[in-house]
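Working notes, structure below.
If you're wondering where the values come from, they're calculated on a predicted model, not measured in any experiment. So you know, we letter chains A, B, ... as the sequences are listed, proteins then strands, and number each from 1.
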Number of protein chains: 4
Amino acid sequence: MTDQHVPSSIKDPGLVEKRRNQMIKGAVSLFIEKGFHKTTTREIAKASGFSIGTLYEYIRTKEDVLFLVCDSIYERVKVRMEQAFDADTKTIDSLIHAVTSYFQLMDDMQDEVVVMYQEVKSLSREAQEYVLQKEKDMVAMLVGVIRNSIPGTTSEQDITLIANNIFVQGQMWGFRRWMLQKEFTLEAYTERQIHFLLEGLNINRKSIINDGRMS
Amino acid sequence: MTDQHVPSSIKDPGLVEKRRNQMIKGAVSLFIEKGFHKTTTREIAKASGFSIGTLYEYIRTKEDVLFLVCDSIYERVKVRMEQAFDADTKTIDSLIHAVTSYFQLMDDMQDEVVVMYQEVKSLSREAQEYVLQKEKDMVAMLVGVIRNSIPGTTSEQDITLIANNIFVQGQMWGFRRWMLQKEFTLEAYTERQIHFLLEGLNINRKSIINDGRMS
Amino acid sequence: MTDQHVPSSIKDPGLVEKRRNQMIKGAVSLFIEKGFHKTTTREIAKASGFSIGTLYEYIRTKEDVLFLVCDSIYERVKVRMEQAFDADTKTIDSLIHAVTSYFQLMDDMQDEVVVMYQEVKSLSREAQEYVLQKEKDMVAMLVGVIRNSIPGTTSEQDITLIANNIFVQGQMWGFRRWMLQKEFTLEAYTERQIHFLLEGLNINRKSIINDGRMS
Amino acid sequence: MTDQHVPSSIKDPGLVEKRRNQMIKGAVSLFIEKGFHKTTTREIAKASGFSIGTLYEYIRTKEDVLFLVCDSIYERVKVRMEQAFDADTKTIDSLIHAVTSYFQLMDDMQDEVVVMYQEVKSLSREAQEYVLQKEKDMVAMLVGVIRNSIPGTTSEQDITLIANNIFVQGQMWGFRRWMLQKEFTLEAYTERQIHFLLEGLNINRKSIINDGRMS
DNA sequence: CATGAATGAGACTTCATTCAT
DNA sequence: GATGAATGAAGTCTCATTCAT
């Protein structure tokens, strides 16, 4: 869907979406490689496969590219989280599944996620608040899963804290890869984090063996 | 001590240290306010209390300022961690004390820590590796405390994981302040994180009441 | 009549004229509002009611638009001057009538006239000479009226000078509106200028009351 | 005197004045040659004898150059008018002298004056109002001379009108040079305009021969 | 040692013009 | 004939860095 937050001079919405996707794809890899500030608009244009003039038909400002990139990453993460979290079962397994899926997702998109968190501060206050909301939505999803899966005695505050812990543990798999990915496979990392999570909640998990791998 | 990694044309080491401290102090607040890339060298010079010409007597490039700033923050964090972790006691209380002290430290220096992690990627590869080593040292300190404090049956891998978790939980207090610091006081945050930590380790903590507040 | 000085790729002369009239109308108001240089061709196209592609079917360059605009203004001024100056009577009243009509005209078209004189220098030398000729024609018309209306003892040089004075006094009503139109109504301005004109020529004007208002 | 309306990053006011004078000199000739919009900042820098970077140490914006140029021209005109108008004598000769001097001035500075009036509209509203005030001051000077020199029966309105007429007649010597300077010498032009001026005022001037030429 | 004026590479952005549909 | 997406030359302005004083 065409992002209505960044106006374009091009009228055809389908074209706008297509070109912006090219743009995001090109920009993400550049941002991963050298960061937002060291990437020039000409490089973005070239990596997107069109001229600098064309680039500016689809955005107003270099910062718009960053916004589009961040928004797209958030969106992709969110969509995949929604897919993974839709289990109706209210068992501990659905929490295990959610965490496993989320960690897998953070592994798949680690470059994007790392870049996004490093550069988001370069957005305008407005734009930052916009993406912050998406972040809150995602934490809320995690909160929902946890609340459904564990004994009702846990306080809302504790649930929030645990959700944040899980959220950040997913991110740290990417941010601290130089340490963690030398010591753990993703599977081992996931297993141990879930272990401590459940122990922390005093849940006598039968088995973590039959957790599903997410699609 | 004068940082030997950044050469200066000035001979007097005492002067170099003095000027660099002025510089770091000025630069940190600018970086916190507007980030490294949006801060100009002129602004740094002015905030440091001397001219642009003088600034360049004490550094070679703008990146040197960032390095000095990151290094200084790491150093301050490390020093305070060493002070807090020097307990010889091998009890669970020393872990509790260490975590509490560390979280307090992360609260005190949250602006600096946030800035440092956001900008460190702008350093050269060399410089990044240099500061990464400090990061590893700090995690190692945490590993040491944990290993000393808990039953010997815990695997080294688990200890590493727990150290990383604690480390990141300290950082997230600053990074996610917009969420956490609305829901928790530092004390409550600390208490609950320690609670889940010990539960996760199946430690039947007597009391967390007598944890020391660090200096 | 289609202006043959600016070629068009469109064959149908009626259409060319129609489109160019739309174009001139749109462009004039833009030029009045923001000047030639700050007006973009896209804005001209939009104000004209067609697309940028279509605009370029009827002109070759942006400068052509300016030429068309200047030419159109000159033409409109000239036509109205011809209507007002066609009196055959060789009396002082026809001079009074001519000046009155001309000032009225300059009042009606002050925006256009101001814009034209401010932007004409942006035309090519050729185009400037072309419109300069129209200017000369208009002064010549004034010269004709003066020569016919006043005693034959006045030198040709003086007549030229007076024609230029009148010409410029008409323009200054628009150019210096911030001063003159605060102090004078158009009627008062006209009356006093004619007064000094006739006094300067030592003409014992009977009455200025019966000067005609032009259509 | 350093123009306080355009801030500079250079601290030494003497240097600012010196460099700005270079700048104005270079810019005026470029503006005369090709107009403000077709002159690039790089050309201005080169014509001023310094680099583009240095240019921007002394101004914020290209428009600042135009403002400095217009202000400087106005100031030079005003200073010379003050010198020429300072006569205390309340005779018709002082009017004659003033007009003669003013026309001479407009002849000397015709290029500058023409450029200034053509480009002043590109200034911001603020800046336009600032220079407009100088224009008003100059007209007021003319008004003062006229009021002192002619019989007291003339109305203030008429004096204003005459002052504006003289003012514009000076300008038109430059603006309409393609016509006037082919037909008149400056002396003849001056003589005939003064002739009509005095006749218009019904002043029986003794002789215009002994009018002073201004410095 | 300190200063700050000078430099110019290079960044972002605009916009007149073209041309395939 | 009409459209509007694509182009890229060129413009304004910034800022890290140098060096004469």
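- Distances shorter than 4.0 Å separate some side-chain N or O of C/Tyr58 from OP1 or OP2 on F/dA2.
- In this structure, OG on B/Ser48 lies 8.0 Å from CG on B/Leu30, to the nearest 0.5 angstrom.
- Aromatic ring orientation, D/Phe67 versus D/Tyr130: tilted (interplanar angle from 30° to 60°).
- Using a 4.0 Å heavy-atom criterion, one finds that D/Ser8 contacts no nucleic acid atom at all.
- In this structure, D/Ser9 reaches the sugar-phosphate backbone alone: every heavy-atom distance under 4.0 Å involves primed, P, OP1 or OP2 atoms, never a base.
- Nearer the 5' end of DNA chain E, as judged by each residue's closest nucleotide, is the contact made by A/Phe36, out of A/Phe36 and C/Glu63.
- Between A/Arg19 and F/dA5, a side-chain N or O to OP1/OP2 separation shorter than 4.0 Å is absent.
- A/Ile59 pairs with exactly one of A/Val65, A/Thr41, A/Ile44, A/Leu66 by the side-chain contact (heavy atoms from CB on, under 4.5 Å) rule, that one being A/Val65.
- Ring-plane geometry between D/His37 and C/His37 is classed as parallel, the angle between the planes falling under 30 degrees on a 0 to 90 degree scale with a further cut at 60.
- Side-chain N/O atoms of A/Ser51 include one lying less than 4.0 angstrom from OP1 or OP2 on F/dT7.
- Proximity of A/Tyr56 to the phosphate of E/dT14: no side-chain N or O atom is located under 4.0 Å from OP1 or OP2.
- Residue order along DNA chain F, read from the 5' end via each residue's closest nucleotide, puts D/Lys38 first among D/Lys38 and D/Arg60.
- For the atom pair D/Glu119 CD and D/Ile73 CD1, the distance stands at 10.0 Å (nearest 0.5 Å).
- As a whole-Å value, the separation of A/His37 NE2 from F/dT14 P is 16 Å.
- Going from atom NZ of A/Lys11 over to atom P of F/dA5 covers 7 Å, rounded to whole Å.
- In this entry the distance linking CD1 of B/Ile59 with P of F/dT18 reads 10 Å, nearest Å.
- In this entry E/dG8 has F/dC15 as its Watson-Crick or G-U wobble partner, both defining distances falling under 3.5 Å.
- Place B/Ile52 and C/Thr61 on DNA chain E by their nearest nucleotides, and B/Ile52 ends up nearer the 5' end.
- Separating the CG atom of D/Asp12 from the P atom of F/dT21 is a distance of 15 Å, rounded to the nearest angstrom.
- Atom CG in B/Leu55 sits roughly 10 Å away from atom P in F/dT17 (whole-Å rounding).
- Between F/dA16 and B/Thr41, a contact under 4.0 Å exists linking OP1 or OP2 to a side-chain N or O.
- B/Arg42 contributes no side-chain N or O that forms a donor-acceptor pair with the base of F/dT14 under 3.5 Å.
- Among the heavy atoms of the strands lying under 4.0 Å from D/Ile10 are primed sugar atoms or P, OP1, OP2 only; no base atom is included.
- The side-chain tip of D/Lys62 points at the ring of D/Phe36 from less than 6.0 angstrom away and within 45° of straight on.
- Distance B/Lys46 NZ to F/dA16 P: 15 Å, rounded to the nearest Å.
- Put simply, NZ on A/Lys62 is 19 Å from P on F/dC13, counting in whole angstrom units.
- Distance C/Glu57 CD to E/dC19 C1': 10 Å, rounded to the nearest Å.
- OP1 or OP2 of E/dT7 sits under 4.0 Å from a side-chain N or O of D/Thr54.
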